[in-house]
Amino acid sequence: MTQPTATTDTPLLNLLGLSHGEMVQFFDELGEKAFRAAQVMKWIHQEGVIDFAAMTNISKALRDKLARVAEVRVPSIAYQGESKDGTRKWVVETEGGSLIETVLIPAENGNRRTLCVSSQVGCSLDCSFCSTGKQGFARNLTSAEIIGQVWIATHTGGAYADGRKPVTNVVMMGMGEPLMNFDPVVAAMKLMLDDNAYGLSKRRVTLSTSGVVPMIDRLGDVLDVSLAISLHAPTDELRNTLVPLNRKYNIEKLLDACHRYLEKCGDTRMITIEYTLMSGINDQREHAEQLAELLRNIPCKINLIPFNPFPGSGYTKPSRNQVMRFQQWLFEKGYSAPVRMTRGDDIDAACGQLVGRVKDRTRRQARYIQTLSIDAD
Ligand code: SAH
Ligand code: SF4
């Protein structure tokens, strides 16, 4: 960063997505003390204040200086809704007009509220059963657009009767493959963990990946958040047809990367294995038995997600009985695998319609509400 000057053609720096280290550097280049970083971060992320003029523990002179070189720009909300089951959803307009979705899902027992955050507009990895994949890839989100989703859910959803933070857990399980947008995702996740920002524990922040092996290693070098792997199949032959990335990084390479990640975490952490059940594809007894065998040496918990249908997918959801049979087969092999039900269907529909009215080209974006499958403490 060069010394900021107050010219009209210098774009204002958006402070929303800066990690603590970047914020310290920004203040240093302004000739200001490092502790200002924490002060401003607390205003932005904890108090929800984005107007420098309202940051009252900062001198008027510095507030004016900040306003000349920087801003706090939160993505705008195109739609906001609440489902009968308490699920809240925001359609967020990113720079350039693309729309993404953020969903806050309360646990049935009231213990947590999990925010499902998007990392990209669309996704390039084209998994055969995923509606995001079918839309193709538009662009990566910036760290401000990623953490902006947490800001919005924290500061625009209203208070909760239990008086706790609106967002208790975050899963990077919305639109996009987070490990294909590495630096912005890491910067945003650092803010989720930072005590000057959202202060969530590393066990309550989860990154879900379809298996970008080199990036799992890189992630383990800089963060120790919880890791979820979208496995969906117990053999390479089957996984190749569902997750094309498997042709590059097969199951063996992926599970090796999981071991390395857990070693770096150095605690009692487990990997979450996500397994989306599709009727007649991966929901038979042989699949359950192969899965149990495959995961024998990995500290993990399995989450079963009944396939969420969307038009033209070519797959169907297994019956409830079949899901329970699959669960039972895993149980017989020593795994208790919770089944996650879809939440918030009613606002999903309403929201899809609204997005269709707002911007034609995003009609295909009407997608399922993500089933949230993380049982962090
Ligand atoms: N790209 C990352 C994170 C976003 S997808 C990943 O693939 O892990 C989040 C989860 O939703 C993944 O486990 C994904 O496989 C699953 N998913 C995608 N489409 C689905 C569908 N139609 N029904 C049920 N789960 C789906
Ligand atoms: Fe991308 Fe994940 Fe969908 Fe695959 S499942 S296309 S990686 S968002």
Side-chain angles (χ1 to χ4, degrees), residues 100-103 105 114-141 146 149 170-182 185 189 205-213 215-216 219 225-233 238-249 254 257-258 271-279 281-283 300-318 323 337-345 348 352 364-374:
I100 50 160
E101 293 176 7
T102 291
V103 187
I105 303 186
T114 303
L115 188 70
C116 180
V117 169
S118 296
S119 56
Q120 299 181 307
V121 183
C123 182
S124 60
L125 297 182
D126 198 23
C127 299
S128 60
F129 55 92
C130 173
S131 66
T132 301
K134 297 288 150 229
Q135 295 175 52
F137 173 70
R139 72 172 175 89
N140 283 327
L141 296 181
I146 299 167
Q149 298 167 61
V170 174
V171 290
M172 297 298 304
M173 266 192 205
M175 187 179 272
E177 168 51 56
L179 292 185
M180 297 295 279
N181 184 18
F182 192 82
V185 164
M189 291 186 107
V205 175
T206 301
L207 183 142
S208 173
T209 178
S210 58
V212 193
V213 165
M215 294 298 161
I216 295 176
L219 184 71
V225 293
S226 298
L227 188 64
I229 299 290
S230 294
L231 191 64
H232 312 309
L238 180 56
R239 194 166 191 265
N240 284 344
T241 68
L242 302 174
V243 182
L245 187 67
N246 196 67
R247 297 200 188 101
K248 195 160 181 188
Y249 307 115
L254 180 52
C258 289
I271 301 278
T272 300
I273 298 289
E274 296 159 87
Y275 196 96
T276 297
L277 286 162
M278 287 159 262
S279 182
I281 304 287
N282 63 354
D283 65 344
C300 68
K301 48 192 179 178
I302 305 173
N303 277 302
L304 300 176
I305 313 169
F307 172 67
N308 240 316
F310 58 93
S313 73
Y315 296 108
T316 51
K317 189 175 168 164
V323 171
V339 178
R340 301 299 165 181
M341 304 320 285
T342 303
R343 313 279 305 276
D345 285 334
D348 192 22
R364 283 185 304 165
Q365 197 170 350
R367 53 192 279 268
Y368 59 88
I369 290 253
Q370 199 57 59
T371 301
L372 284 191
S373 51
I374 301 299

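First listed ligand is number 1; within each ligand, the first listed atom is number 1. Because the structure is predicted, anything quoted here is derived from the model rather than measured.
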| message | Could you tell me, atom by atom, which parts of ligand 1 come under 4.0 Å of a heavy atom of Ser210? | response | 6 (C), 7 (O), 8 (O)

| Which residue from Met180, Met173, Met172, Arg340 reaches closest to atom 9 (C) of ligand 1 through any of its heavy atoms? | Met173

| task | Report the part of Leu125 (side chain from C-beta onward, or backbone N, CA, C, O) that has a heavy atom under 4.0 Å from ligand 1; answer both or neither where that applies. | result | neither

| request: Number the atoms of ligand 1 from 1 as they appear, then name those within less than 4.0 Å of a heavy atom of Thr209, with their elements. | output: 6 (C), 8 (O)

| field | Subset of ligand 1 atoms that lie under 4.0 Å from at least one heavy atom of Phe307 | value | 21 (C), 22 (N), 23 (N)

| For Gly176, the ligand 1 atoms whose distance to one of its heavy atoms is below 4.0 Å | 1 (N), 2 (C), 3 (C), 4 (C)

| Is Ser118 reaching over with its side chain to a backbone N or O of Met175, donor-acceptor style, under 3.5 angstrom? | yes

| task | Could you point out which residue of Val212, Thr209, Leu245, Val185 forms a side-chain contact (heavy atoms from CB on, under 4.5 Å) with Met180? | result | Val212

| query | Which option, Met278, Lys317, His232, Glu274, owns the non-hydrogen atom nearest atom 15 (O) of ligand 1? | reply | His232

| message | Restricting to side-chain hydrogen bond (donor to acceptor under 3.5 Å, both in side chains), what partner residues turn up for Thr241, sequence neighbours left out? | response | none

| query | Do side-chain atoms of Asn303 reach the backbone of Arg340 as a donor and acceptor pair under 3.5 angstrom? | reply | no

| query | So is Ser230 close enough to ligand 2, meaning a heavy atom under 4.0 angstrom away? | reply | no

| remark: ligand 1 to Gly174, heavy atom cutoff 4.0 Å, flagged ligand atoms 4 (C)

| Can you list the ligand 1 atoms lying under 4.0 Å from a non-hydrogen atom of Thr276? | 23 (N), 24 (C), 25 (N), 26 (C)

| request: Under 4.0 Å from a heavy atom of Cys130: give me the atoms of ligand 1 that qualify, with their elements. | output: 18 (C), 19 (N)

| query | Any side-chain heavy-atom pair from Leu231 and Ile302 closer than 4.5 angstrom? | reply | no

| query | Does any N, O or S atom of Cys127, backbone or side chain, fall under 2.8 Å from atom 4 (Fe) of ligand 2? | reply | yes

| remark: Any heavy atom of Asp126 under 4.0 Å from ligand 2? The part involved is backbone

